[in-house]
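Since the structure comes first, as structure tokens, the remarks are kept for the end.
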Amino acid sequence: MTSVHATTPSGFLLVLAVILPVCAVLAIVACGPRSAARIAMTTLAAGLAVAIAIAMELVAGGTALSYVVGGWQPPLGIALRADGLSGAMIVMTALVLGAVGLFARSQYALHDGGGAGRAQTTFWILLLALASALNATFVGEDLFNLYVALELLTFAAVPLVCLDGRAETVKAALRYLLFALLGSLLYLLGTGLIYGQYGTLDLLALSQLSREDPALSAALALMIVGLLAKAALFPLHLWLPPAHAGAPAPASAVLSALVIKAPVFLILRLVLDVAPPQAAAVAGQMLAVLGAVSILFCSVMALRQARLKLMIAYSTVAQIGYLFIVFPLAAGSADLPPWSTIAWTGGALQLISHALAKSAMFLAAGVVYEAFGHDRIADLRGFGRVLPISAAAFGLAGLSLMGIPPSGGFVAKCLLLTAAVAEGYPWLAATILAGGLLAGGYVFRVIDKALANPAAPIVVQRAVPRRLEIVALALAAAAVMLGFLPLRPFEFLQIGRSGVSMAGLP
Amino acid sequence: MTAVLQPGVLFGLCGAVLVGIGLFAIVTHPALLRRIVGCNILGAGIFLVFGAVARRGAGAGLDADPVPQALVITGIVVAFSASALAVALLKRLSELSVGEGRAAEPAAPRSET
Amino acid sequence: MNGLVDIATMVLVSMGAVLFLAGALGLLRFPDTLSRLHAVSKADNLGLGLIVMGLLPQAESVSGGLKLICVWLLAQISAATASQLLARKIHRDEGRS
Amino acid sequence: MMVLLDLALAAWLLALALHVVMERNERSAIIAFLALGLLLGLVWVRLAAPDVALTEIAIGGGGTGILLLRAEAALRGRGKHEEGATRGGKLAVAAGCAVISAGLGFAVLALASPAPTLAPAASDAIAATGLGNPVTAVLLAYRALDTLLEKVVVLLALVGIWSLAPDGIWGGAPEVAPAAVPGPLAWLARILPPFGVVIGVYMFWVGADAPGGTFQAGTVLAAMWLLVIMAGLLPPPDAASPALRLVLVGGPALFLAIAFLGFIVADGFLAYPEGFAKPLIVAIEAALTLSVAAALAMLVAGPARKAPAR
């Protein structure tokens, strides 16, 4: 085993990113509902600080951060490692979680004398557990450690779906759990085969050891299918719309923006770092086809939804599709590694801008639901007059989903489109364009209602604090701001990649 | 032929068959409780594959490689927690949809969407 | 000497195994639940007793032997309770119908 | 001779698994699943994995079995159904599953030979931990991060299950005891726990050097506690009760505290200072055993059924 992880001076930040939220979870379980919101908000702030510190260390050092846990070298022990892409994911996670925390604070803060605090306490515990699980996924280097991280993610995400305890959300949560369990079991099976073949679970070591053989192909196929079930790519998306639409707004926002990105990130690592070139090429083509079908099919489904939150949920499946068409486009070549291609940058930007835009959209939808007591699109005529900020947040986030300048989504889709044309994938280029048009369709359907003249004067059933709307607007604005990045491969995303062998290259 | 009869291979193959049986139950069984049972059979099959891998890795005075064995122990506990959560959701769902049972008053004031 | 002990072990364990087999057959063949229960609990208790007795001389240490006896005792207790509970349930169900 | 035993075990295992899947009666299927757990325990012994055998029998078979049996009793006749597959669909799925099994079997046969192994590495490093059981060394030293996060997984599952209680009674106690406790059960609940507790403590204590450890011991203790609660000898605890929460959090918290201590007195997070590894690990295991016992028992007991006493 040639690769050796060495703890870098600021590697302990990775431990903090994973463990701080765990400490807070224990503290809330021990202390009960009273201080839940306060502990959680403090931890989310600390998490943001750690994330920014990690990003700054990455920029300053120009190399990946590593940490060998307990001093036990892999393959016996476990290492953590953050490269540029992981760093970007961690910062994105911390930002979105922080914003959602601010949004949820008024909803899930314990009012004196109100309720027993079931939903409140549970929400904060689960949100923090999500933070830990996501960070563990982004910095994990060990396939089994990643399995535990994925399970942590599942156990945090599923109860979030049925926090309000209605039968339909419990049903959605159960279905989600079964899909997620099946997914993690398949992933685990692949892990076992890889260990049997190579005697290590360390990704860095595997990137140097892996070669074409039947056990590895079977393992990768199982793991990728399992992760697809968790990422809700067509045709394994059936669990997502009811789960994401049924959850309380802040939960929907994190589920759609962050939770499904973790399996996508792992698929990327498996295909790029572990799969031998031939297998990577085949897998990439198949993933791209599924991604394209996802984009088209679920965009059409989104257009046909009568309820706002269901529409946004279907839009999530469609937007996830874009992340899978990156695989053949970012295949790279002998002198151009995948992470220097424009498609790599485009994919990463799509991931981040979707996270910001989708969380903004779900939060805005949550405000609408809160204000009117329903989210039937047909009955929302003129809601922009009463909730201008939310309508604006929805519209700005929509820009990013459609890929209209200036927005992060525009830069992402533009890069992907250029890559598709340059690499000779006209059908992917056509899919990207069609997906943008369809997204325009479903976003304008809502914006049109927002700006329409209401037939009868529109009444807000419940006043919604302005603060909540501003959080949604800030997230949407951040998604737009990403659009001012230059249209070229982004160096931050390449930090620490060259250390990984070129296993994924032809 | 004798190689197949080594416990490290034989029970690995058993695990492979259990995976198929479990998957069949998960996909085809109409009752959700039986699907949860199917998940457990699938899990048992997967753990057996790990066990076979561990047994094959005997060496250094140990009868088996302890690393996959430890992974299985972790896996069994996680699988149990998952079954517990799934069963609790299933029970709650049936209470809510039937609308009977002592604890089935519709989950008090909804905590909003 | 060793040979004699081994033979004793073999005989006792085989007898135990035969009793288990008889119990299993009874479970499958007897007509009603109560007699099935009777067959299983009788045969298994005795069978386990014989097997434990057969294995005792093979125990490497005193504590190993004690553990074997504990296993037998615990199995006795739980089997007795389980049979009792089952029998009660059957009795109640029959009383009702 | 052993080959015959292995073949018989394998055939029996597969036949029983098929029976579990095919059996129409839900309860019979679950009882068969319990038996499957015991059989798997035997298989694990044949795979030279006594630690896993204990865990499988205790948690995989026993724990899951009682969970499913309770669920079956609670759901009887009104369980949730999704539309089942048609006959043709079932055949197609069966064929697909057979293909997957065959492919997987092929992959298992094709695994590298000689098999790669970490056994030498694990037994070389074990001296530094002072432990005698390599599986415990993997769980609590080499891969302690997995074990730590897995404890959080168990805790989260419990938080998730508790959150399924209706708003008004959240934080209350679950309902485990039947309305009328049968005499033999009460008798067993008086006789067995002293034994059980001794066995549990023993399993934890030998776990450092011999097969056994926190999970196995925790499951035995959890079973004893549940038995006492089922027999109505002790009331089930309120989820909100500080004592319960402290026991639940205690294990992981001590684990974390010692992990952080590693930053100061050893090589870093989760590193044990030289010479103190074994006592620290045993301390962690002791606390974890209690936490695991409480968590497993509460996972089986389910969400609250009555409002907390406050």
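Here is how names work: the chains are called A, B, and so on, in the same order as the sequence lines, proteins then strands, and each is numbered from 1. Values below: all heavy atoms of this structure, side chains included; hydrogens, waters and symmetry mates excluded. Predicted model, so just to flag it, every value in this text is computed and none were measured.
Chain D forms more heavy-atom pairs under 4.5 Å with one residue of A/Leu193, A/Val68, A/Val25, A/Thr7 than with any other, namely A/Leu193. For the options A/Leu126, A/Leu80, A/Leu222, A/Thr122, heavy-atom pairs under 4.5 Å to chain D are most numerous at A/Thr122. Interface remark: of the candidates D/Gly103, D/Gly160, D/Ser163, D/Ala144, D/Ser163 forms the most heavy-atom pairs closer than 4.5 Å to chain A. When the candidates D/Leu158, D/Asp146, D/Val153, D/Leu248 are compared by the number of heavy-atom contacts under 4.5 Å with chain A, D/Asp146 comes out ahead. Your options are A/Ile78, A/Leu76, A/Val22, and the one with the most heavy-atom pairs under 4.5 Å with chain D is A/Leu76. Across D/Ala307, D/Ala107, D/Ala110, D/Ala141, the residue that shares the most heavy-atom pairs under 4.5 angstrom with chain A is D/Ala141.
Only the side chain of A/Tyr67 comes within contact range of chain D, judged by heavy atoms closer than 4.5 Å. Looking at A/Leu16, the atoms closer than 4.5 Å to chain D (heavy atoms on both sides) all sit in the side chain, from C-beta outward. Contact of D/Ile100 with chain A is not made at all, since no heavy-atom distance falls under 4.5 Å. Residue contact with chain D, scored on non-hydrogen atoms closer than 4.5 Å, involves the side chain of A/Leu201 exclusively. Proximity to chain A (any heavy atom under 4.5 Å) is restricted, for D/Thr129, to the side chain, taken from C-beta onward. Proximity to chain D (any heavy atom under 4.5 Å) is restricted, for A/Val15, to the side chain, taken from C-beta onward. Of the two parts of D/Leu148, only the side chain, counted from C-beta on, holds a non-hydrogen atom closer than 4.5 Å to a non-hydrogen atom of chain A.
At a heavy-atom cut-off of under 4.5 Å, chain D is reached by A/Leu189 from residues 178-190 of chain A, listed in order of number. Heavy-atom proximity under 4.5 angstrom to chain A picks out D/Phe263, D/Asp267, D/Gly268, D/Phe269, D/Leu270, D/Ala271 from residues 262-272 of chain D.
For the residue pair A/Ala30 and D/Val249, the shortest heavy atom distance occurs at N-CG2, 4.0 Å. Heavy-atom minimum distance, D/Pro116 versus A/Tyr195: CG-O, 3.9 Å. Annotation for D/Leu256 and A/Cys23: closest pair CD1-SG, 3.8 Å, computed over non-hydrogen atoms.
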For this session: Before giving the answer on side chain to side chain contact (heavy atoms under 4.5 Å, CB included), spell out for A/Ser132 and D/Val152 the whole-Å C-alpha distance, their side-chain angles and the decisive distance to 0.1 Å.
Result: CA-CA 10 Å; A/Ser132 173; D/Val152 186; over 6 Å; no
Problem set entry | Derivation of the side chain to side chain contact (heavy atoms under 4.5 Å, CB included) call for D/Leu149 and A/Asn145 | CA-CA 9 Å; D/Leu149 289 180; A/Asn145 188 237; 4.0 Å; yes
For this session: Could you go through the side chain to side chain contact (heavy atoms under 4.5 Å, CB included) check for A/Thr200 and D/Leu118 one step at a time?
Result: CA-CA 8 Å; A/Thr200 181; D/Leu118 289 177; over 6 Å; no
Problem set entry | Trace of the side chain to side chain contact (heavy atoms under 4.5 Å, CB included) decision for A/Thr121 with D/Val159 | CA-CA 9 Å; A/Thr121 320; D/Val159 169; over 6 Å; no
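Between the CG atom in D/Leu111 and the OH atom in A/Tyr198 there is a gap of 10.5 Å [rounded to 0.5 Å]. Rounded to the nearest 0.5 angstrom, A/Phe144 CZ and D/Arg143 CZ are separated by 7.0 Å. Note: A/Gln73 CD to D/Tyr142 OH = 14.0 Å, rounded to the nearest 0.5 Å. The CG atom of D/Asp167 lies 7.5 Å from the CD atom of A/Gln120; values are rounded to the nearest 0.5 Å. Note that CG of A/Asp142 and CG of D/Leu145 are 9.0 Å apart. Values are rounded to the nearest 0.5 Å.
Other residues, nucleotides and ligands contribute at most 12 non-hydrogen atoms within 6.0 Å of the CD atom of D/Glu274. Counting heavy-atom neighbours within 6.0 Å of D/Phe260 CZ, excluding the residue itself, gives a total above 12.
When side chains are defined from C-beta on, D/Leu156 counts as touching A/Ile125, because their heavy atoms get closer than 4.5 Å.
Listed for the A/Arg118 side chain is no donor-acceptor partner under 3.5 Å among the backbone atoms of D/Trp170.
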